[in-house]
There are 2 protein chains.
Amino acid sequence: MSASEIARDIQEQLATGDAGAILDRIGRLQPFDRAEMLAGLPHEEQLRLVSLLPTNVAAETLEYLEPELQYRILDHLDEHVAAAVLQQMSSDTVVDLLLALHPHQAARLKAWLPPEYRQRLQTLMTFPENTAGSLATIDYIAAREGWTVQQALDHVRKVGHEAEVVSYIYVVDARGRLVSVASLRELILADPRAPLSSVGRKDVISVRATADQEEAARILSRYDFVALPVVDNHDRLIGIVTVDDIVDVIHQEATEDIHKLGGSEPLAESYFKTPVWLLFRKRVGWLLVLFVAQAYTGTVLRHFEATLSQMVALAFFIPLLIGTGGNTGSQTVATLVRALAVGEVDFRDILRVLGREVATGALLGTVMAVASYVRAVTLGVGFELGPVVALSALFIVVWASTVAAVLPLVLHRLGVDPAVVSGPFITTLVDGTGLFLYFTIASLLLQAG
Amino acid sequence: MSASEIARDIQEQLATGDAGAILDRIGRLQPFDRAEMLAGLPHEEQLRLVSLLPTNVAAETLEYLEPELQYRILDHLDEHVAAAVLQQMSSDTVVDLLLALHPHQAARLKAWLPPEYRQRLQTLMTFPENTAGSLATIDYIAAREGWTVQQALDHVRKVGHEAEVVSYIYVVDARGRLVSVASLRELILADPRAPLSSVGRKDVISVRATADQEEAARILSRYDFVALPVVDNHDRLIGIVTVDDIVDVIHQEATEDIHKLGGSEPLAESYFKTPVWLLFRKRVGWLLVLFVAQAYTGTVLRHFEATLSQMVALAFFIPLLIGTGGNTGSQTVATLVRALAVGEVDFRDILRVLGREVATGALLGTVMAVASYVRAVTLGVGFELGPVVALSALFIVVWASTVAAVLPLVLHRLGVDPAVVSGPFITTLVDGTGLFLYFTIASLLLQAG
């Protein structure tokens with residue numbers, strides 16, 4: 001049954017006022033599905049439904065809504081209910097909500113939170129977007145160095161309801177510095193009287209709050225963790241990043257790279273949420289930059305106007321030769337940008353990469369030279385132009401491979417995202433130089449002939 | 001300290017034979033780092049070190065090695081030790097290992113496993129690559145319907161050492177069908193005497209073993225689970241897919257899409273593990289297909305040879321106009337292929353997508369028409385060619401947007417991966433048609449003029 005069908009059902013039940021049936025129905029849905037259903041209801045019904053729900057269920061449902069709708073619901077609920085719901089939402093969601101609101105709206109919500117909690121949220125809100133700190137939640141379980149296993153387990157039973165991840169218990173010293181970590185499994189399997197310090201591991205892998213979110217994603221995927229502690233510059237534990245947020249980061253980074261490789265600015269929102277004028281704005285910049293860069297192909301061609309007038313058939317192969325160069329470059333760039341993104345390749349490997357790509361380019365260039373020769377023959381200009389076109393294809397393919405191998409590595413080294421070297425970018429770059437190679441070879445061979 | 005530095009240290013300690021110091025050192029490393037260090041040692045030292053380790057530590061280290069090295073180590077260990085290590089490795093790793101080996105090697109390893117375990121592995125080994133079943137592990141905790149919470153917790157204490165994920169306990173009926181799921185947190189917080197059926201939730205979200213791994217990834221990211229139960233066609237629980245494997249799937253699928261969008265077959269291995277001849281093979285196929293498809297640009301140009309001879313300056317704008325068309329198409333294709341991959345767009349949306357892309361194309365086309373006119377003027381051929389080039393730019397950009405909007409959706413509908421409509425593919429496709437538009441407009445306007 002789809003979300004909209006369930007929404008219709010529940011709307012009917014709301015009309016008849018059978019609260020028991022509604023709660024039973026809602027209780028069986030996953031929070032995500034419940035949120036999707038809720039988003040499909042008219043605003044009045046949204047408020048009635050949320051008021052019916054226990055506050056913890058309302059909170060886990062609101063988690064999955066957009067900040068705007070979260071606020072519209074919280075704003076209209078009875079203030080005591082709204083405050084209870086807000087306090088039970090996970091802290092990273094609350095941070096995102098507060099950051100999305102107008103300051104006076106945010107101030108209103110903040111007033112509902114206990115001072116100490118508000119203080120800790122404030123810390124998380126200072127980290128810029130795309131840092132590990134901006135993803136962190138404070139709904140983790142911390143235990144004190146010096147406790148016994150039993151004390152830690154009692155603590156889990158007490159605060160476990162609020163924590164987002166109960167698989168790990170983070171042990172901190174008196175100054176709040178992270179000293180060890182134990183899994184819930186290890187605690188359950190250990191002797192309850194044993195000191196907490198005897199369980200778990202001391203060399204805790206963590207990430208700095210100011211590190212890039214990609215760094216957090218890399219660590220978490222490398223070690224197969226479900227949560228990663230986030231520390232400040234004094235090694236004090238300030239939160240954890242959970243694997244579900246990292247899954248979102250990995251998706252988001254891949255989307256950004258794909259959009260960039262396609263030659264446009266990445267979209268921040270999903271496709272249908274991006275209005276046409278924004279699609280236009282994200283694309284027109286690069287399109288104009290590429291146009292200006294490519295405009296010099298006209299200059300190159302005008303430079304060779306005499307050669308071209310002498311033999312108009314040379315023009316027949318312009319799209320084919322520069323197209324092949326662009327395609328080769330695009331293949332190489334896609335491979336290397338991805339290899340850089342997942343950390344398989346680094347600037348230090350530049351000579352090795354160059355060697356491999358030039359070798360591959362030489363093989364590909366040889367094949368394309370033969371293909372070009374055949375095409376010249378079938379177009380009926382093989383005798384004159386065959387050798388020119390074949391030789392140009394070889395040079396252009398090797399040249400495109402070289403540029404496409406070096407450029408992403410150099411940009412990565414300079415701290416520029418290598419994905420800006422998109423397919424269109426490399427195509428544009430090798431078009432003009434390709435034409436220059438082609439007409440130079442043509443002038444030389446045809447004069448000699 | 002890097003993996004190779006630690007490896008050198010440990011090699012020295014192996015030479016002096018101080019087993020205690022080695023174990024202490026090794027114990028503080030994460031399994032991933034331990035594996036990286038181990039992979040850097042000479043084979044003899046690898047064997048000595050693994051023999052020193054407790055079998056469970058050896059097993060979690062071997063997890064992160066390549067199947068070939070896993071076998072080389074297991075094969076040379078004392079058979080009792082090797083069998084114990086193998087039994088403690090996670091079942092999905094063992095399945096991957098067995099599938100990678102020659103049948104007689106696999107048979108040798110299988111003989112070390114208890115018959116019932118071997119039987120269950122055999123089931124997992126029947127699922128083709130890239131299905132949810134192929135990712136599944138049987139190292140989960142199952143409890144029987146009818147138990148109490150206490151019985152379930154005792155069971156966790158008993159078998160928890162072997163399970164990969166102890167966050168969830170899966171409850172099955174007498175026939176092995178999945179009836180409910182409870183989190184370890186819920187069990188710990190519940191009354192120990194309560195029936196297990198009163199804890200957790202009944203409507204369990206699961207995935208069929210034969211479903212695509214992307215389907216499993218989508219469900220898991222949607223609901224923020226750390227593990228997803230995998231069932232056979234009779235709803236019997238046969239394993240779980242864990243979030244760490246899903247993170248790998250998401251990475252892998254993004255890599256494949258990026259390679260395809262760049263116009264080559266995706267690489268199965270990492271960049272440096274792929275030899276040059278394989279890079280060549282993965283690229284040459286598409287390069288030739290695109291060459292043949294693009295070869296008709298020569299035919300189009302020969303068709304307009306008379307027009308071209310009359311005005312050679314027309315050739316100056318060939319790369320610029322078809323390049324701009326290709327760039328526009330590449331932008332649209334990248335956006336839509338990604339939107340299809342993450343499920344934001346579907347074939348049913350085709351009219352809406354088309355409307356948006358044509359509108360965006362019209363805006364972009366207008367800007368590019370102005371830019372093209374300016375370029376014609378600066379090249380000194382504006383009076384004659386300005387209007388021709390500007391009008392062509394507008395038509396080509398709108399046309400490229402249309403093709404790039406429709407094609408990925410249609411292919412997706414036909415069950416073909418839309419990522420085959422790469423940037424190079426769409427560029428090639430609009431090159432010939434773009435030239436046709438350009439020269440047709442030129443013939444019409446210049447004759448009229």
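Every chain is numbered from 1, with letters handed out A, B, ... down the list of sequences.
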Heavy-atom donor-acceptor pair, [X] side chain to [Y] backbone, under 3.5 Å:
X	Y	answer
B:Arg338	A:Glu256	no
B:Glu344	A:Ser270	no
B:Arg356	A:Thr274	yes
A:Arg201	B:Arg28	yes

What distance separates [X] [atom1] from [Y] [atom2], expressed to the nearest 0.5 Å?
X	Y	atom1	atom2	answer
B:Ile188	A:Leu184	CD1	CG	4.0 Å
B:Ser330	A:Trp286	OG	CH2	12.5 Å
A:Glu357	B:Tyr271	CD	OH	3.5 Å
A:Asn327	B:Leu287	CG	CG	6.0 Å

Side chain from CB out, backbone as N, CA, C, O: work out which of these in [X] comes under 4.5 Å of a heavy atom of chain B, or both, or neither.
X	value
A:Leu267	side chain
A:Thr427	neither
A:Leu314	neither
A:Leu189	side chain
A:Val353	both

Checklist entry - Below 4.0 angstrom, N of the basic side chain to O of the carboxylate: do A:Glu36 and B:Arg222 qualify? => result yes
Checklist entry - Would A:Arg157 and B:Glu186 pass as an ion pair if we require N to O under 4.0 Å? => result no
Checklist entry - Is any side-chain heavy atom of A:Ser372 closer than 4.5 Å to a side-chain heavy atom of B:Phe291? => result yes
Checklist entry - Are B:Gln30 and A:Phe225 side-chain neighbours, meaning at least one heavy-atom pair lies under 4.5 Å? => result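 In short, these two side chains touch, coming nearer than 4.5 Å.
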With a 4.5 angstrom heavy-atom cut-off, is it the side chain or the backbone of [X] that approaches chain A, or both, or neither?
X	value
B:Val333	neither
B:Ile246	neither
B:Tyr296	backbone
B:Leu220	neither
B:Arg375	side chain
B:Ile318	side chain
B:Ala339	side chain
B:Val243	side chain
B:Thr299	both
B:Phe304	neither
B:Leu320	both
B:Leu336	side chain

Option that, when pairs with chain A are counted at under 4.5 Å, heavy atom only, ranks first among [options]:
options	result
B:Val312, B:Leu29, B:Asp224	B:Asp224
B:Leu288, B:Thr255, B:Thr378, B:Asp431	B:Thr255
B:His259, B:Lys282, B:Arg352	B:Arg352

Please report the closest heavy-atom contact between [X] and [Y], naming both atoms and the distance.
X	Y	answer
A:Gly298	B:Leu379	CA-CD1, 4.0 Å
B:Leu301	A:Ala315	CD1-O, 3.2 Å
A:Gln331	B:Gly263	NE2-O, 2.6 Å
B:Gln294	A:Gly323	OE1-CA, 3.6 Å
B:Gly262	A:Ala334	CA-CB, 3.6 Å

Checklist entry - Name the one of A:Leu363, A:Thr332, A:Val367, A:Thr328 that satisfies side chain to side chain contact (heavy atoms under 4.5 Å, CB included) with B:Arg283? => result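 Only one of A:Leu363, A:Thr332, A:Val367, A:Thr328 forms a side chain to side chain contact (heavy atoms under 4.5 Å, CB included) with B:Arg283, namely A:Thr332.
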Next on the checklist: For B:Arg218, is the CZ atom crowded, meaning more than 12 foreign heavy atoms sit under 6.0 Å from it?
Outcome noted: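 Yes.
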Item to check | Pair A:Ile258-B:Leu261, side chain to side chain contact (heavy atoms under 4.5 Å, CB included): steps then yes or no | outcome: CA-CA 8 Å; A:Ile258 287 174; B:Leu261 282 167; 3.6 Å; yes
Checklist entry - Just by distance, with hydrogens left out, do A:Tyr223 and B:Asp244 show a side-chain donor and acceptor under 3.5 Å apart? => result no
